[in-house]
Amino acid sequence: MSHTDSQPAAQGPRPLDGRVAIVTGGSSGIGLAIAGRLAADGATVVVTARRPQPLEEAVAGLALAGHSVYGHPCDVGSSVGVDALVADTVAEHGGVDILVNNAGHRSRAPFWEISDQEWDGVIATNLRGPFLCSRSVVQHWMSTGGKGRIINIGSIGAERATPTQAHYAAAKGGVRMLTQTMAVELAPYGIPVNCVDPGAIATPMISDRLQNEADLAFYAAKIPWGAVGDPANVAAAVAFLASSEAQYITGAHLAVDGGWLAA
């Protein structure tokens, strides 16, 4: 596990001091913003991504801000890789208190043109990944008597059909019900499970659409707030659900979408 450990200047207690968080898909976009926010709130953060170089760059950037952050290359669709991620995090940091299942992947095509490979790849990252990561972390908690909280990153696409996104929507719809089922099963153990559902957020995933006047007009018409969101908006919602302030919230779906679903 590669790491960069830089201690921030002395300050008062922070909401997540002493906590250890895993953030999957944290080398860019929403995941990077979440990792930075949880670290700023005091957590030691283990950031994962499949590609080592972007991961190292993300970790180095977070370290420049004075955060305690670690990089761990991992394919969340692999149970072997996920179990190694959790085992290494426990061995090096003493446990896991917060799991953020953020890793995501999508492409665009009419459903009849989606190949088997592309379908399987999107499902593996977006749905199998949260299942595998949650299973591994919860097994650790069950074996040690520990507990923490799980936050899944879903999408408003789980509720609104979007042409050319059948595989992505199916995966995120699965994340919605996975969240609710895990929340019910884990409530007796005092383990909250929630989902944050971003709308249109300015990330590399939609960068091409942010350069297109027709797409910008589409977003302006659909989003009551009048503009796409920032990754920091999603990170703030995750930070709240990761904090003790949200201890009685479980099975919830928090849309961060500028009012898109409400319109």
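Only heavy atoms go into these numbers, but all of them, side chains included; no hydrogens, no water, no symmetry mates. Remember, it's a predicted structure, so these values are computed and weren't measured experimentally.
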Closest approach of A40 and R14, non-hydrogen atoms and distance? O-CD, 3.4 Å

Are the side chain of W141 and the backbone of V96 linked by a donor-acceptor contact shorter than 3.5 Å? yes

Is D88 close to V46 at the side-chain level, that is, under 4.5 Å between some pair of heavy atoms? no

Measuring from atom OG1 of T179 to atom CG of N194, what distance do you get when rounded to the nearest 0.5 angstrom? 8.0 Å

Those residues at least two apart in sequence (or on a different chain) that pass salt bridge (charged side-chain N to carboxylate O under 4.0 Å, His left out) with R106 are none

So, using salt bridge (charged side-chain N to carboxylate O under 4.0 Å, His left out) as the criterion, who are the partners of R37 when residues are at least two apart? D41

Where the side chain of T24 meets the backbone of A103, is there a donor-acceptor pair that is under 3.5 Å apart? yes

Per-pair distances, 0.1 Å, donor-acceptor, side chain in residues 120-130, under 3.5 Å, sequence neighbours excluded:
{"from": "T125", "atom 1": "OG1", "to": "G121", "atom 2": "O", "distance (Å)": "3.3"}
{"from": "N126", "atom 1": "OD1", "to": "H105", "atom 2": "N", "distance (Å)": "3.3"}
{"from": "N126", "atom 1": "ND2", "to": "H105", "atom 2": "O", "distance (Å)": "2.6"}
{"from": "N126", "atom 1": "ND2", "to": "V122", "atom 2": "O", "distance (Å)": "2.8"}
{"from": "R128", "atom 1": "NE", "to": "G77", "atom 2": "O", "distance (Å)": "2.7"}

Could you state the interatomic distance from CG (N152) to CG (L178), rounded to the nearest 0.5 Å? 6.0 Å

Can you name the closest pair of heavy atoms from V23 and A35 and give their distance? CG2-CA, 4.3 Å

Could you report the tightest heavy-atom contact between A33 and A235, atom names first, then the distance? O-CB, 3.5 Å

Rounded to the nearest 0.5 Å, what separation is found between the CD1 atom of I153 and the CD1 atom of I30? 7.0 Å

How about E113: does its CD atom have over 12 heavy atoms from other parts shown lying under 6.0 Å from it? yes

How many angstroms lie between atom OH of Y70 and atom CD of E92, to the nearest 0.5 angstrom? 7.5 Å

Could you check if a side-chain atom of S134 sits within less than 4.5 angstrom of a side-chain atom of L99, using non-hydrogen atoms only? yes

Side-chain donor-acceptor contacts of residues 47-55 below 3.5 Å, not counting sequence neighbours, with atom names and distances?
{"from": "T48", "atom 1": "OG1", "to": "G25", "atom 2": "N", "distance (Å)": "3.3"}
{"from": "Q53", "atom 1": "NE2", "to": "E57", "atom 2": "OE2", "distance (Å)": "3.3"}

Can you see which heavy atom on G26 is nearest to which on A58, and at what distance? O-CB, 4.1 Å

Spell out, yes or no, whether L62 and V234 are grouped together once hydrophobic residues are joined by side-chain heavy atoms under 4.5 Å, including indirect joins. yes

So, the side chain of S136 versus the backbone of L132: is there a donor-acceptor pair under 3.5 Å, distance only? no

Can I get a per-line list of side-chain donor-acceptor pairs under 3.5 Å for residues 217-231, giving both atom names and the distance, sequence neighbours left out?
{"from": "D230", "atom 1": "OD2", "to": "A232", "atom 2": "N", "distance (Å)": "2.8"}

Audit row: I201, I206, side chain to side chain contact (heavy atoms under 4.5 Å, CB included) steps and yes/no: CA-CA 8 Å; I201 305 295; I206 66 166; 5.7 Å; no

I'd like to know if V20 and L38 are part of one continuous hydrophobic network [Ile/Leu/Val/Met/Phe/Trp/Tyr, side-chain heavy atoms within less than 4.5 Å]. no

Which value, rounded to the nearest 0.5 Å, describes the distance between S107 atom OG and I114 atom CD1? 6.5 Å

For H140, which residues count as a side-chain hydrogen bond (donor to acceptor under 3.5 Å, both in side chains) partner, sequence neighbours excluded? none

Without placing hydrogens or testing angles, list every side-chain donor-acceptor pair under 3.5 Å for residues 240-259, not counting sequence neighbours.
{"from": "S243", "atom 1": "OG", "to": "F240", "atom 2": "O", "distance (Å)": "2.7"}
{"from": "S243", "atom 1": "OG", "to": "E245", "atom 2": "N", "distance (Å)": "3.3"}
{"from": "T250", "atom 1": "OG1", "to": "V193", "atom 2": "N", "distance (Å)": "2.9"}
{"from": "T250", "atom 1": "OG1", "to": "V193", "atom 2": "O", "distance (Å)": "3.4"}
{"from": "H253", "atom 1": "NE2", "to": "Q180", "atom 2": "OE1", "distance (Å)": "3.0"}
{"from": "D257", "atom 1": "OD1", "to": "G259", "atom 2": "N", "distance (Å)": "3.0"}
{"from": "D257", "atom 1": "OD2", "to": "W260", "atom 2": "N", "distance (Å)": "3.3"}
{"from": "D257", "atom 1": "OD2", "to": "L261", "atom 2": "N", "distance (Å)": "2.8"}

Please list all pairs meeting salt bridge (charged side-chain N to carboxylate O under 4.0 Å, His left out) that have one or both residues in residues 174-202, counting only residues at least two apart or in different chains. E159-R176, R176-D197

Qualifying salt bridge (charged side-chain N to carboxylate O under 4.0 Å, His left out) pairs, either residue in residues 58-74, two or more places apart: none

Mind listing the closest non-hydrogen atom pair of C195 and G154 along with its distance? SG-N, 3.5 Å

With sequence neighbours left out, the residues meeting salt bridge (charged side-chain N to carboxylate O under 4.0 Å, His left out) with D97 are none

What about I22 and M142, same hydrophobic cluster or not, with Ile/Leu/Val/Met/Phe/Trp/Tyr joined at side-chain heavy-atom distances under 4.5 Å? yes

Any heavy-atom pair between the side chains of N102 and V238 that's under 4.5 Å? no

If you measure from NE2 on H93 to OG on S68, what distance do you get to the nearest 0.5 Å? 7.0 Å

Is V184 reachable from V175 through a run of hydrophobic residues whose side-chain heavy atoms are each under 4.5 Å from the next? no

Tell me which pairs pass salt bridge (charged side-chain N to carboxylate O under 4.0 Å, His left out) where either residue lies in residues 132-152, with sequence neighbours left out. none

Give the minimum heavy-atom separation between S155 and K172, together with the two atoms involved. CB-CG, 3.7 Å

Can you name the residues that form a salt bridge (charged side-chain N to carboxylate O under 4.0 Å, His left out) with D83, not counting sequence neighbours? none

